[in-house]
Amino acid sequence: MTNKIRFALIGTGMMGREHIRNLNLMPEAQIVALVDPVADSISQTQAIIPEKVAHFADVPSLLNGQAFDAVILSSPNFTHHDVLGPLMGTKTHILCEKPLATTLADAKALAEAAKTHKGVFWVGMEYRYMPPAAAFIEDIRSGKIGRLQMLAIREHRFPFLVKVGDWNRFSVNTGGTMVEKCCHFFDLMRLIVGAEPVRVFCSGAMDVNHQDERYGGAKPDIIDNSYTVVDFANGVRAMLDLCMFADGSDNQEEIAATGDKAKLEVFIPSGDIVYSPRVGFRNPTKTERRHVTVDETALNAGSHHGATFYQQRKFLDAIQGLGPIEVTADDGLRAVAMGLAAEISAREHRVVAMSELGF
Ligand SMILES: NC(=O)c1ccc[n+]([C@@H]2O[C@H](COP(=O)([O-])OP(=O)(O)OC[C@H]3O[C@@H](n4cnc5c(N)ncnc54)[C@H](O)[C@@H]3O)[C@@H](O)[C@H]2O)c1
């Protein structure tokens with residue numbers, strides 16, 4: 001028991017509980033505290049922890065009341081910067097849910113503070129860890145498609161779910177859809193392309209969802225469909241096709257990477273990977289299909305196709321010195337910056353150079 005990594009969970013809503021269900025599966029993790037100002041979130045979360053644990057309304061009370069080694073932060077996006085404040089520079093290991101922050105200033109401040117943080121600082125870009133996505137990335141890295149030239153990511157899904165206090169209905173709380181949701185895809189683009197973005201063009205708006213919703217009289221202002229084109233410094237071009245009123249889609253994510261030798265596609269959740277080498281005009285196709293299966297235990301512990309499990313596993317390895325920090329605060333910052341560039345682009349109907357944001 002003494003060697004266990006003691007976790008405090010900050011923000012115990014939907015994602016906090018997904019983290020708990022996964023921590024319950026990690027032999028070296030022990031949950032010792034919950035932090036949330038909303039009593040109902042605390043009691044729903046306590047119900048899925050085998051032992052009774054301490055709970056607090058905020059981080060200063062946690063620091064006064066309970067010893068811990070690591071935190072997972074899954075409070076609303078706009079709270080990340082301030083909630084992390086008292087923990088930065090300490091030895092506490094931190095997994096901060098995406099997006100790192102909602103504004104460029106807050107994201108830059110956290111990335112700067114992370115440089116001198118004494119524990120592990122990891123940003124929750126977990127789409128990297130969905131097993132079919134991870135296998136797809138591995139294939140591209142191994143040279144299977146030759147030199148990557150084009151990367152197309154499509155997410156067609158259901159509308160944003162209801163959150164505690166409806167915080168996700170307004171861009172001021174989320175950073176805007178292109179930050180809140182799409183930071184995952186901008187992170188994947190950077191990871192797969194292996195270069196930094198130069199310019200971003202996004203056409204998007206809230207055209208279908210949330211039209212009749214009002215919160216304190218205000219109508220939501222979050223993009224529900226968009227096309228985004230990103231030019232990378234190494235000449236690769238990427239695009240993101242987002243639709244949040246496509247509930248009936250078979251696959252939620254479809255990614256296609258095309259190089260000078262072949263095209264590779266992955267479909268999630270089906271787990272199919274399709275490899276199509278170039279054969280020349282009118283020659284018979286040589287398409288190969290394979291299927292990546294996700295471990296049932298990892299799959300059932302969350303709603304993200306096993307991603308939370310595999311990301312936590314690597315976070316725990318990094319804490320124990322058994323592996324590197326794979327998603328740094330700088331990665332988190334750059335994904336936020338791409339999302340903010342897309343938000344500006346959609347609002348102002350123009351191409352946004354990343355240099356305008358200081359990159
Ligand atoms: N990795 C992913 O794919 C993924 C998926 C869903 C959510 N998330 C992220 O997880 C975070 C939480 O999202 P959610 O869906 O669980 O929202 P939620 O509304 O279900 O839960 C948020 C919880 O945080 C609590 N909270 C509010 N202010 C707080 C504060 N100052 N300190 C501590 N707790 C506070 C709320 O009371 C609530 O219980 C967000 O940053 C979100 O972007 C990530």
Side-chain angles (χ1 to χ4, degrees), residues 8-22 33-48 55-63 71-87 94-103 106-107 110 122-130 133 155 157-188 215 222 244 252-253 268-269 301-312 314-315 327 331-332 335-336 339:
L9 263 289
I10 308 173
T12 59
M14 190 214 83
M15 198 59 202
R17 286 193 285 279
E18 177 159 332
H19 278 296
I20 296 272
R21 285 196 293 277
N22 284 277
L34 304 177
V35 180
D36 200 301
V38 173
D40 182 53
S41 293
I42 294 274
S43 59
Q44 282 193 53
T45 308
Q46 176 62 74
I48 58 167
H55 62 86
F56 304 92
D58 53 34
V59 169
S61 323
L62 166 74
L63 284 163
V71 301
I72 295 182
L73 175 64
S74 43
S75 59
N77 304 355
F78 68 97
T79 66
H80 291 181
H81 174 269
D82 289 358
V83 169
L84 285 177
L87 299 171
I94 298 171
L95 193 165
C96 174
E97 261 307 339
K98 51 57 46 175
L100 179 60
T102 52
T103 67
D106 282 359
L110 279 173
W122 185 298
V123 182
M125 294 298 187
E126 65 176 33
Y127 280 38
R128 295 176 177 210
Y129 299 101
M130 288 178 182
E155 180 169 81
R157 56 162 275 179
F158 49 90
F160 280 118
L161 300 173
V162 173
K163 299 291 169 189
V164 179
D166 303 310
W167 62 269
N168 67 345
R169 272 11 192 196
F170 295 95
S171 294
V172 68
N173 298 331
T174 65
T177 300
M178 304 312 294
V179 173
E180 145 66 15
K181 167 81 267 184
C182 300
C183 62
H184 279 304
F185 305 117
F186 296 134
D187 178 64
L188 282 180
Y215 302 90
I222 45 176
M244 300 199 60
Q252 191 166 309
E253 283 88 25
I268 300 169
S303 326
H304 296 92
H305 319 304
T308 306
F309 178 89
Y310 292 106
Q311 177 179 247
Q312 270 191 17
K314 296 222 171 190
F315 176 57
V327 196
D331 290 323
V336 166

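Because only heavy atoms are used, hydrogens play no part in the values below, and waters and symmetry mates are left out as well, while side chains stay in. Atoms within a ligand are numbered from 1 in the order they appear, just like the ligands themselves.
Ring geometry for Trp122 versus Tyr129: interplanar angle of 30 to 60°, hence tilted. Tyr127 and His184 have parallel rings, their planes meeting at less than 30° on a 0 to 90° scale where 60° marks the start of perpendicular.
Donor-acceptor pairing under 3.5 Å is recorded for the side chains of Glu97 and His19. A donor-acceptor contact closer than 3.5 angstrom is absent between the side chains of His55 and Gln46.
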In a simple table, one pair per line, please give the protein and ligand 1 atom names for every N or O pair closer than 3.5 Å, along with the distance.
unit_1, atom_1, unit_2, atom_2, d
ligand 1, 1 (N), Glu97, OE1, 3.1
ligand 1, 3 (O), His184, NE2, 3.1
ligand 1, 3 (O), His304, NE2, 3.2
ligand 1, 15 (O), Lys163, NZ, 2.6
ligand 1, 16 (O), Met14, N, 3.2
ligand 1, 16 (O), Met15, N, 2.7
ligand 1, 19 (O), Val164, N, 2.9
ligand 1, 19 (O), Trp167, NE1, 2.8
ligand 1, 20 (O), Met14, N, 3.0
ligand 1, 37 (O), Asp36, OD1, 2.7
ligand 1, 39 (O), Asp36, OD1, 3.4
ligand 1, 39 (O), Asp36, OD2, 2.7
ligand 1, 39 (O), Ser41, OG, 2.6
ligand 1, 41 (O), Ser75, O, 3.2
ligand 1, 41 (O), Asn77, OD1, 2.6
ligand 1, 41 (O), His80, NE2, 3.1
ligand 1, 41 (O), Lys98, O, 3.2
ligand 1, 43 (O), Asn77, OD1, 2.8
ligand 1, 43 (O), Lys98, O, 3.0
ligand 1, 43 (O), Lys98, NZ, 3.0
ligand 1, 43 (O), Glu180, OE1, 3.3

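With sequence neighbours left out, Arg17 forms a salt bridge (Lys or Arg N to Asp or Glu O under 4.0 Å) with no residue at all.
For the pair Gly16 and Leu9, the tightest heavy-atom approach, listed with the atom from each and the gap, is O-CD1, 3.9 Å.
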